[in-house]
Amino acid sequence: MPELPDVEMFKGYLDSTALHKKIRKTEVSEERILSGVSQQMLARRLKGSELEETKRHGKYLFARIRGDGWLVLHFGMTGELAYYKDPHDRPEHARMVLRFENGYELAYVSQRMLGQVSITGDIESFAAERGLGPDALSGEVDRERFLEMLEGRKGMIKPALMNQSMIAGIGNVYSDEILFQAKVNPKTPANKLSVDEKKRLYRVVRRVLRTAARNGADPEKMPRGYILPHREEGSKCPVCGGKVKKMTVSGRTSYYCPRCQRRP
DNA sequence: TTCCATGTTCCGCA
DNA sequence: TTGCGGAACATGGA
């Protein structure tokens, strides 16, 4: 699930639940999810402290630990957060649990464990180490910068949009939505896009991500005319009524409308 | 039983 | 150098 809009939703969730709560205990049931920090170190850093604010960069969520540093959460393909009062409600795949003084728990849930939890002193240097480009919704990515990024790229537009070192935050599902809204075929070489198409893509990237974030990244709440709720081969295109098709683009399943998104 | 899945990373190759 | 395809990671549902 977690692309930029989903992580934005997790951010709001953490903000409205676990912020400013004193941490009594940290439990990690799967050490594999930790990256660059031991269970003991993590527990020591968090104990008696609280999470004070959150930031998001691409698909990463950062929670500032009172005192020093940031807790880093990345959700992989199946991650999410859960805050609950009764430990019996602890989700099955809770890999890390913060237990607060008030008795509540915040769980980092990850069925497939493709995500990671770590600690960093500084978000900018963390992003630089991971080779993350600017966040797709940040002011850093203005139209000019976006056009420059696509300059000279010979590869297909879809993997370019999903390339986290170019822009951070767009994944498989939302790249499909963006290309559908912009009426661009996913396999179009980036350098074959007209200037108009590139400008349109820029506008659409922001509009789609903002809209999805505002609607809690819930496919059912997307505006009419979005392909997201129709990610199924043979499903009806919400714009032209034609059939949605499935194809593989650089190893990922893509849904698109051949009529609305013609090859150049 | 086999295939597939909203992410990332690494390798081989063009 | 850039970018693509495939594999790997790990788990479970259709």
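Protein chains get the first letters and strands the later ones, always in sequence-line order, with residue 1 at the start of each. Just so you know, these numbers come straight off a predicted model, no measurement behind them.
- Qualifying ring-ring contact (aromatic ring centres under 6.0 Å, His included) partners for A:Phe126, counting only residues two or more places apart in sequence or in other chains: A:Tyr60, A:Phe62.
- The nearest whole Å value for the distance from the CG atom in A:Leu132 to the C1' atom in B:dG7 is 12 Å.
- Inspection of the A:Ser250 and A:Lys158 side chains reveals no N or O donor paired with an N or O acceptor under 3.5 Å.
- Rounded to whole Å, atom C1' of B:dT8 lies 16 Å from atom CD1 of A:Ile170.
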> What does nucleotides 9-14 of chain B look like as a protein-contact string, B for base, S for sugar-phosphate only, - for none, at under 4.0 angstrom between heavy atoms?
Replying inline: ------
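- Per the geometry, CD1 belonging to A:Ile178 stands 13 Å off C1' belonging to B:dT6, to the nearest Å.
- Minimum heavy-atom separation, A:Gln261 to A:Pro186: NE2-CD, 4.1 Å.
- Of the residues in residues 107-121 of chain A, A:Arg112, A:Leu114 come within less than 4.0 Å of DNA chain B through at least one heavy atom, sorted by number.
- Comparing the P positions of C:dG6 and B:dC3 gives a spacing of 15 Å, expressed to the nearest Å.
- For A:Lys221, the salt bridge (Lys or Arg N to Asp or Glu O under 4.0 Å) partners at least two apart in sequence or on another chain are A:Asp218.
- Every residue meeting the ring-ring contact (aromatic ring centres under 6.0 Å, His included) condition with A:Tyr104, not counting sequence neighbours, appears here in chain and number order: A:Tyr83.
- Judged by distance alone, with hydrogens and angles left aside, the side-chain atoms of A:Gln164 form a donor-acceptor pair with the main-chain N or O of A:Gly169 at under 3.5 Å.
- Summarising the geometry, the separation between NE2 on A:His93 and P on B:dA5 is reported as 19 Å, rounded to the nearest angstrom.
- Aromatic rings from A:Tyr256 and A:Phe180 are positioned such that their centres are separated by 6.0 Å or more.
- Applying the side chain to side chain donor-acceptor pair (under 3.5 Å) definition to pairs two or more places apart or across chains, those involving residues 134-153 of chain A are A:Arg56-A:Asp135.
- Remark: A:Arg203 engages A:Arg200 in a side chain to side chain contact (heavy atoms under 4.5 Å, CB included) (not counting sequence neighbours).
- Rounded to whole Å, atom C1' of B:dC4 lies 12 Å from atom CG of A:Asn172.
- Here the P atom of nucleotide B:dA5 and the CD atom of A:Glu80 are 20 Å apart, to the nearest Å.
- Cluster membership for A:Val204 and A:Leu228, using ILVMFWY side-chain heavy atoms within less than 4.5 angstrom, is shared.
- Ion pair A:Glu101/A:Lys21 not flagged as a salt bridge, since none of the NZ, NE, NH1 or NH2 atoms sits closer than 4.0 Å to an Asp/Glu carboxylate oxygen.
- Residue-environment remark: CE (A:Met41) stays at or below the threshold of 12 foreign heavy atoms within 6.0 Å.
- Taking atom CE of residue A:Met77 and atom P of nucleotide B:dA5, one finds them 9 Å apart after rounding to whole Å.
- A heavy atom closer than 4.0 Å to some atom of DNA chain B occurs in A:Arg252, A:Thr253, these being the qualifying members of residues 242-255 of chain A.
- Checked by atom type and distance alone, the side chain of A:Ser175 pairs as donor or acceptor with a backbone atom of A:Gly171 at under 3.5 Å.
- Boundaries of the chain A contact region on DNA chain C are C:dG3 to C:dG12, first to last in 5' to 3' order (nucleotide atom under 4.0 Å from a heavy atom).
- For the strand DNA chain B, secondary-structure stems (runs of at least three Watson-Crick or G-U pairs, all distances below 3.5 Å) span B:2-5 with C:11-14, B:7-14 with C:2-9.
- A:Met162 places its CE atom 9 Å from the C1' atom of B:dT6, with the value rounded to the nearest Å.
- Between A:Asp15 and A:Lys11 there is a salt bridge, with a side-chain nitrogen of the basic residue lying less than 4.0 Å from a carboxylate oxygen of the acidic one.
- The salt bridge (charged side-chain N to carboxylate O under 4.0 Å, His left out) contacts involving residues 225-241 of chain A comprise A:Asp176-A:Arg231, where partners must be two or more places apart or lie in separate chains.
- A:Arg66 meets the side chain to side chain contact (heavy atoms under 4.5 Å, CB included) test with A:Ser49, A:Glu50, A:Glu52; sequence neighbours excluded.
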